[in-house]
Amino acid sequence: MASQIRHDNFALSEFTTGEHSLADDVRLCNELGIAGIEVCESKLPENEREARDLLMEVRDAGLHLVSVQARVHALFPDGMAPEPADPQARMDAMRRTMELFATALPDEHPSYVLIGGRAPDHDFSRARETLLANGGRLADEAQAHGGRIAFEPLHRVMMNENTFLSSWEEAVRIANIVAHDSFKLVCDIWNVWDQTDIIERVRNEIAHVAVVHASDWHKGGPRRLNDRMVPGRGIISWETWGAMLGDADYRGWVCLEMLSEKTFHDSYLHEEPAKYVDEAREHLRRAGCLAHREETAAAK
């Protein structure tokens, strides 16, 4: 038996809820009627069978697997995964992640988020050439496992720590050179919002965008790298982004991806997740950042 269910394109990244488990995040999505989830592999046990069993909760809840943040999701070492150092070993780890998710959730077609990592010995030319040489191979792997690569340029505050590439324009150039149907981009608004003419440039390249990430920028700038805010509490003009996404007829996922630390007295992590996630979703809705989507879903 099936029923017609109306959803918006809002999704929840597990980074947002800090130390909460995957089971907690699935329950939260069900409670708030959220249709999509970005799974962080770091919230899964390292034992493959146990990880697959937990991923069944995503399937059983009727959630769409929007994207995956693998334990290793950069070609070079980054803050989340400093080891291994060798790009080939890191690609092998990414392939194993794809195999895990494709086996557990074969009907899903997620984006596998990829960032650059730190340029080896500050050799930015070598880092760029490594990405260009391997971007198509990673896209082939993702496509073979039913998904795609979504490369994410990070904000310049993360240069030399988590990325060698922070420019949206350069990320588009990389995507055009790789020229693979399964090599797309993440438009993380927190990471690109202050770049020159960014609204128009993202509009012009909306076909490259696999998923949009949303979180707000602290008025005084980030106090540490994990210092993002609930949309509407910071200084980003969400109405401007909403107008662009509407004009561009963007129908992909808009995923709430926030990071914070409880050491900040004003961190959203001191609040109940249902409160701050619902607040974020409502602000994005009012700003026009969300679109409606309809599907036929099996009745529970």
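Note that the coordinates shown come from a computational prediction; the quantities given were computed from them, not determined experimentally.
Remark: R148 is not positioned above the aromatic ring of F183, lacking an NZ or CZ atom under 6.0 angstrom from the ring centre and at most 45 degrees off the axis.
The pair E31-R27 fails the salt-bridge criterion, with no side-chain N (NZ, NE, NH1 or NH2) lying under 4.0 Å from an Asp/Glu carboxylate O. A salt bridge is absent between E141 and R137: the closest approach of a Lys/Arg side-chain nitrogen to an acidic carboxylate oxygen does not fall below 4.0 angstrom. Taking a cutoff of 4.0 Å between a charged side-chain nitrogen and a carboxylate oxygen, R95 and D140 do not qualify as a salt bridge. Of the charged side-chain nitrogens involved, at least one lies within less than 4.0 Å of a carboxylate oxygen, so that R173 and E170 count as a salt-bridged pair. A salt bridge between E279 and R233 is present, with a side-chain N of the basic residue lying under 4.0 Å from a carboxylate O of the acidic one. A salt bridge links E200 with R203; the closest basic N to acidic carboxylate O contact falls under 4.0 Å. Ion pair D278/R285 not flagged as a salt bridge, since none of the NZ, NE, NH1 or NH2 atoms sits closer than 4.0 Å to an Asp/Glu carboxylate oxygen.
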- Would R128 and D123 satisfy salt bridge (charged side-chain N to carboxylate O under 4.0 Å, His left out), going step by step from the backbone distance to the final call? CA-CA 9 Å; R128 184 178 185 276; D123 188 339; over 6 Å; no
- Message: Before you tell me yes or no, could you show the steps for R224 and T263 under side-chain hydrogen bond (donor to acceptor under 3.5 Å, both in side chains), namely the whole-Å CA-CA distance, both residues' side-chain angles and the distance that decides it to 0.1 Å?
- Response: CA-CA 11 Å; R224 280 195 289 277; T263 52; 2.6 Å; yes
- Item | Test log, rule side-chain hydrogen bond (donor to acceptor under 3.5 Å, both in side chains), inputs H155 and D194 | CA-CA 9 Å; H155 196 278; D194 57 352; 3.0 Å; yes
- Verdict with reasoning, T97 to E41, per side-chain hydrogen bond (donor to acceptor under 3.5 Å, both in side chains): CA-CA 8 Å; T97 296; E41 192 181 10; 2.8 Å; yes
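Within the model, atoms CD1 of I174 and NE2 of H208 stand 11.5 Å from one another, a figure rounded to the nearest 0.5 Å. Note that CE of M258 and OG1 of T16 are 5.0 Å apart. Values are rounded to the nearest 0.5 Å. If you take NE2 on H145 and CZ on F101, they are separated by 12.5 Å, rounding to the nearest 0.5 Å. If you take CG on N162 and CD on E152, they are separated by 10.5 Å, rounding to the nearest 0.5 Å. Interatomic distance, CD of E239 versus CE of M244, reported as 13.5 Å (0.5 Å rounding). Atom NE2 in H20 sits 6.0 Å away from atom OG1 in T17 (nearest 0.5 Å).
Under 3.5 Å, the side chains of W238 and D216 contain a donor-acceptor pair of N or O atoms. No side-chain donor-acceptor contact under 3.5 Å links N9 and H292. Side chains of S260 and S267: a donor-acceptor N/O pair is present below 3.5 angstrom, by distance only. For Q195 and E169, the side-chain atoms include no donor-acceptor pair closer than 3.5 Å.
The aromatic rings of W253 and H64 sit tilted relative to each other, their planes meeting at an angle between 30° and 60°. Ring pair W190/W217 is tilted by interplanar angle, where 30° to 60° counts as tilted.
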